[in-house]
Amino acid sequence: MIYKGYEFQENDECLIIKNVKDFNPTHIFDCGQCFRWGKKEYGVYFGIVKDKCVEVSFKSTKNESEGDVIISNSGLDDAKLWYNYFDLETDYSLIKNILKKDNILAKAIEYAPGIRILKQDFNEMLISFIISANNSIPRIMKTIENICNKYGDELTYKGKVHFTFPSIEIFAKLTSEDLRFSSAGFRCHYIVHTAKLAEECRLSGDDLMKISYAQALEVMQQFRGVGPKVADCVLLFSGVKMEAFPVDVWVKRVIEALYLKKSATFKEITMFADVKFGLLAGYAQQYLFYFARENKIGIKKRE
DNA sequence: TTGCAGGGGTCAA
DNA sequence: TTGACCCCTGCA
């Protein structure tokens, strides 16, 4: 079957998307944008998206940059879901060619050419990135897993039980005491406060797409536990605003070390990215983030 | 073994 | 502008 220019095949309870360019599971699932994907073996990632447990791998055909995406436990009915989730609409080769004019980005892109920005659920991103504040990735993943295990719906995959990410309505009914077990700590209070407000105003990613990036940032920061960084992450990783440029410590380090050659404030870095990368800032951020973290750019060694 | 920074920030004073 | 916030990990 053909859907929007891509050929989809079903084989052995797997969905295969033929001839996809710019797709590398390691680059995609390990660039800090998602918390419910984990490596199973080399090049194979297990993840939970909506009410589906799947394994995703990539088999190159013509050359390294083009091949088939193989999604287990999925079929042709899900073609639209994955087309959207993996942002197959966007021509990453085109974006990379524009960004590569900058020498530093050219290096970062060469390092992880298979990055794609996933279009994830807006409310899931909102709660997940509140949990991410002043936290480390393994702990963020553990906290989210704890919450899903208690409040999500049960799914079974290969004989093992997994859980969906709870809806915002479920979070809205909880108290911070209910979340205390999850080790989200001081973020419990933010989560329930934000969930109640999000449910009340029924805010969606679609609503935010209709207003400017600056306005969307302002709306987002009305939620408890959502400052500039978390707001940018939610907007970018739910596919609402691709010019969002989340500035975390890694991005701050890489911009300071490679571009500015001096220490800078978060605000200065945000302004720099806006001028330098414009509407492609979100994509640039992902290449730089991955490059910085994998190579430990800008880390000061202890005396 | 213990102790203590510090982490993919945000809030409040 | 700065300290406090949960709590877990890594390092000395």
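By convention in this document, chain letters (A, B, ...) are assigned in the order of the sequence lines, proteins followed by strands, and residues within each chain are numbered from 1.
Taking the P atom of each, B:dT10 and C:dT9 are spaced 23 Å apart, rounded to whole Å. Annotation: C:dC8 and B:dC11 have their C1' atoms spaced 22 Å apart (nearest Å). Taking atom P on both nucleotides, C:dC7 is separated from B:dT1 by 24 Å, rounded to a whole Å. If you take atom P in B:dT2 and the same atom in C:dC6, they sit 25 Å apart, rounded to whole Å. Rounded to whole Å, the P atom of B:dA5 lies 14 Å from the corresponding atom of C:dG3.
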Verdict with supporting geometry, A:Asp22 and A:Arg116, side-chain contact (heavy atoms from CB on, under 4.5 Å): CA-CA 8 Å; A:Asp22 311 304; A:Arg116 283 181 167 268; 4.2 Å; yes
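For A:Phe289, the side-chain atoms get nearest to B:dG8 when compared with the rest of C:dC6, B:dG8, C:dC7. Taking the side chain of A:Arg139 as heavy atoms from C-beta on, and the options C:dC8, B:dG8, C:dC5, the nearest nucleotide is C:dC8. With distances taken from any side-chain atom of A:Asn134 to the nucleotides C:dC7, B:dT10, B:dG7, the minimum falls on B:dG7. Here the nucleotide nearest the side chain of A:Val230, chosen from B:dG9, B:dG8, B:dA12, is B:dG9.
Atom CZ in A:Arg180 sits about 7 Å away from atom P in C:dC6, given to the nearest Å. Rounded to a whole Å, the CD1 atom of A:Ile144 is 19 Å from the P atom of C:dC6. Between the CD atom of A:Gln222 and the C1' atom of B:dT10 there is a distance of 16 Å, rounded to whole Å. B:dG8 atom P lies 17 Å from atom CD of A:Gln33, rounded to whole Å. Taking atom NZ on A:Lys229 and atom C1' on B:dG7, their separation rounds to 11 Å, with Å as the unit. In this entry the distance linking CD1 of A:Ile191 with C1' of B:dG9 reads 14 Å, nearest Å. The separation between A:Phe186 atom CZ and B:dA12 atom C1' is 14 Å, rounded to whole Å. Rounded to an integer number of Å, the gap from CH2 of A:Trp250 to P of B:dG6 is 14 Å.
In summary, A:Lys107 and A:Glu110 do not engage in a salt bridge, as defined by a charged side-chain N under 4.0 Å from a carboxylate O. Ion pairing between A:Arg202 and A:Asp207 fails under the 4.0 Å rule for side-chain N and carboxylate O.
When the nearest nucleotides of DNA chain B are assigned to A:Asp248 and A:Tyr190 by heavy-atom distance, the more 5′-ward of the two goes with A:Asp248. Of the two residues near DNA chain B, A:Gly225 and A:Arg293, the one whose nearest nucleotide lies more 5' is A:Arg293. Positionally, the nearest nucleotide of DNA chain C for A:Ala184 lies more toward the 5' end than for the other of A:Ala184 and A:Pro138.
Within 4.0 Å of A:Arg187, counting heavy atoms only, lies at least one base atom of the nucleic acid. When heavy atoms are screened at a 4.0 angstrom cut-off, A:Phe223 is found touching the sugar-phosphate backbone but no base atom. Nucleic acid contact for A:Pro228: sugar-phosphate only, since backbone atoms but no base atoms lie under 4.0 Å from a heavy atom of the residue. Among the atoms of the strands shown, only primed sugar atoms or phosphate atoms (P, OP1, OP2) are found under 4.0 Å from some heavy atom of A:Val226.
Outside the 6.0 Å centre-distance limit, the rings of A:Phe46 and A:Phe29 are not counted as a close aromatic pair. Taking the ring centroids of A:Tyr92 and A:Tyr283, they lie under the 6.0 Å cut-off.
C:dC6 is unpaired under the criterion used here, namely a Watson-Crick or G-U wobble arrangement in which both key atom distances are under 3.5 Å.
Note on ring orientation: taking the six-membered ring where Trp is involved, the planes of A:Phe23 and A:Phe86 are perpendicular (angle over 60°, cut-offs 30° and 60°).
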